[in-house]
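Remember, predicted model here, so these are calculated numbers, not experimental data.
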Amino acid sequence: MGSIRVMLVEDDPFWQQNLSADLAEEPDIEVVAVAGTKEEALLAASRHPIDIILMDINLTGNNLDGLEAMKEILSELDKEEDIKVIMLTSLTEREVIMKSFRLGALNYITKQSYKDIVRAIREAYEDRSTIHADAARIMRSEIQLMELSPMEREVFDLRKEGLSKQQISEKLHKSTNTIKSQLKSIKNKLMHFKGD
């Protein structure tokens, strides 16, 4: 078995140096490219055979351009190529995590958990990747929330923000009784939800 070929896409020189050095110590992992921008990542992906991409989400400011880079790289692959992407970021927002998976990420690990990267790379390479704990709780929660209708989801989100039944009814232009019945329905679908 050859080395696992990794491309690191990260704009922060500290993380570039430290992750590259850590990965270089692994006998079965080879960093074949390091990119700091979306454009560098796209170019490197077209020039190097890659098995795994470690992708930061914000490469320039707060633009989420790492997500765009992943989407473009994965859409331009030949069918024979099987590049797997692991998001490596400091972002923990639910929307960003879910979008990462929708666009094709195999895993999502925060930089606080960087010690788990080597194991995640090996698991991904061997097609036995488990979703890291950094994202698993949110994924489970989102799957449960799929039970809700769009209207119930809107009520649920407003309730989670701390709005009262009265405030939700005013915001959505619905009667308080409608909001009460929505909350009851949500509670029946989601046993852990406290609607009162």
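Of all non-hydrogen atoms in Ile52 and Tyr125, the two that sit nearest each other are CD1-N, 3.8 Å. Nearest heavy-atom pair, Ala69 versus Met55, reported as atom, atom and distance to 0.1 Å: CB-CE, 3.9 Å. Smallest separation of non-hydrogen atoms from Leu67 and Ser100: CD2-OG, 3.2 Å.
In this structure, CG in Asn18 is found 11.0 Å from NZ in Lys111, a value given to the nearest 0.5 Å. To the nearest 0.5 Å, atom NZ of residue Lys71 and atom CG of residue Leu74 are 11.0 Å apart. The distance from the CZ atom of Arg159 to the CD atom of Glu152 is 14.5 Å, given to the nearest 0.5 Å.
Take Gln16 and apply the side chain to side chain contact (heavy atoms under 4.5 Å, CB included) test, not counting sequence neighbours, and it matches Glu10, Val34. Qualifying side-chain hydrogen bond (donor to acceptor under 3.5 Å, both in side chains) partners for Glu68, counting only residues two or more places apart in sequence or in other chains: Lys38. Residues satisfying the side-chain hydrogen bond (donor to acceptor under 3.5 Å, both in side chains) criterion with Glu30, sequence neighbours excluded, are absent altogether. Annotation: salt bridge (charged side-chain N to carboxylate O under 4.0 Å, His left out) contacts of Arg122 (sequence neighbours excluded): Glu26, Asp28. Under the rule for a side-chain hydrogen bond (donor to acceptor under 3.5 Å, both in side chains), the partners of Arg128 that lie at least two apart in sequence or sit in another chain are Glu126. Under the side chain to side chain contact (heavy atoms under 4.5 Å, CB included) criterion, Ser75 pairs with no residue, sequence neighbours left out. For Asp134, the side chain to side chain contact (heavy atoms under 4.5 Å, CB included) partners two or more places apart in sequence, or in a different chain, are Ile109, Thr110, Ser113, His132. Applying the side chain to side chain contact (heavy atoms under 4.5 Å, CB included) test to Leu163 and every residue at least two apart in sequence or in another chain returns Leu158, Glu161, Gln167, Ile168, Lys171. The side-chain hydrogen bond (donor to acceptor under 3.5 Å, both in side chains) test applied to Glu154 returns no partner, not counting sequence neighbours. Residues passing the salt bridge (charged side-chain N to carboxylate O under 4.0 Å, His left out) test with Asp12: none are found, sequence neighbours excluded.
Side-chain atoms of Asp65 do not come within 3.5 Å of backbone N or O of Asn58 as any donor-acceptor pair. Judged by distance alone, the side chain of Ser20 and the main-chain N or O of Gln17 form no donor-acceptor pair under 3.5 Å. Lys189 contributes a side-chain N or O that, together with a main-chain N or O of Glu147, makes up a donor-acceptor pair within less than 3.5 Å.
Using a 4.5 Å heavy-atom threshold, the side chains of Leu145 and Phe156 count as touching. Taking 4.5 Å as the limit, every side-chain heavy atom of Pro49 sits out of range of all side-chain heavy atoms of Val32. At least one side-chain heavy atom of Val118 sits under 4.5 Å from a side-chain heavy atom of Ile29.
For residues 85-99, the side-chain hydrogen bond (donor to acceptor under 3.5 Å, both in side chains) pairs, not counting sequence neighbours, are Arg94-Ser141, Arg94-Glu142. Under the ring pair (Phe, Tyr, Trp, His ring centres under 6.0 Å) criterion, the residue pairs touching residues 7-35 are Trp15-Tyr114, with sequence neighbours excluded.
The side chain to side chain contact (heavy atoms under 4.5 Å, CB included) with Met70 is formed by just one residue from the set Val9, Ile83, Leu103, Ile57; it is Leu103. A side chain to side chain contact (heavy atoms under 4.5 Å, CB included) with Ile121 is found for exactly one of Asp51, Asn107, Val6, namely Val6.
Side-chain polar atoms of Ser181 and Thr178 form no donor-acceptor pair below 3.5 angstrom.
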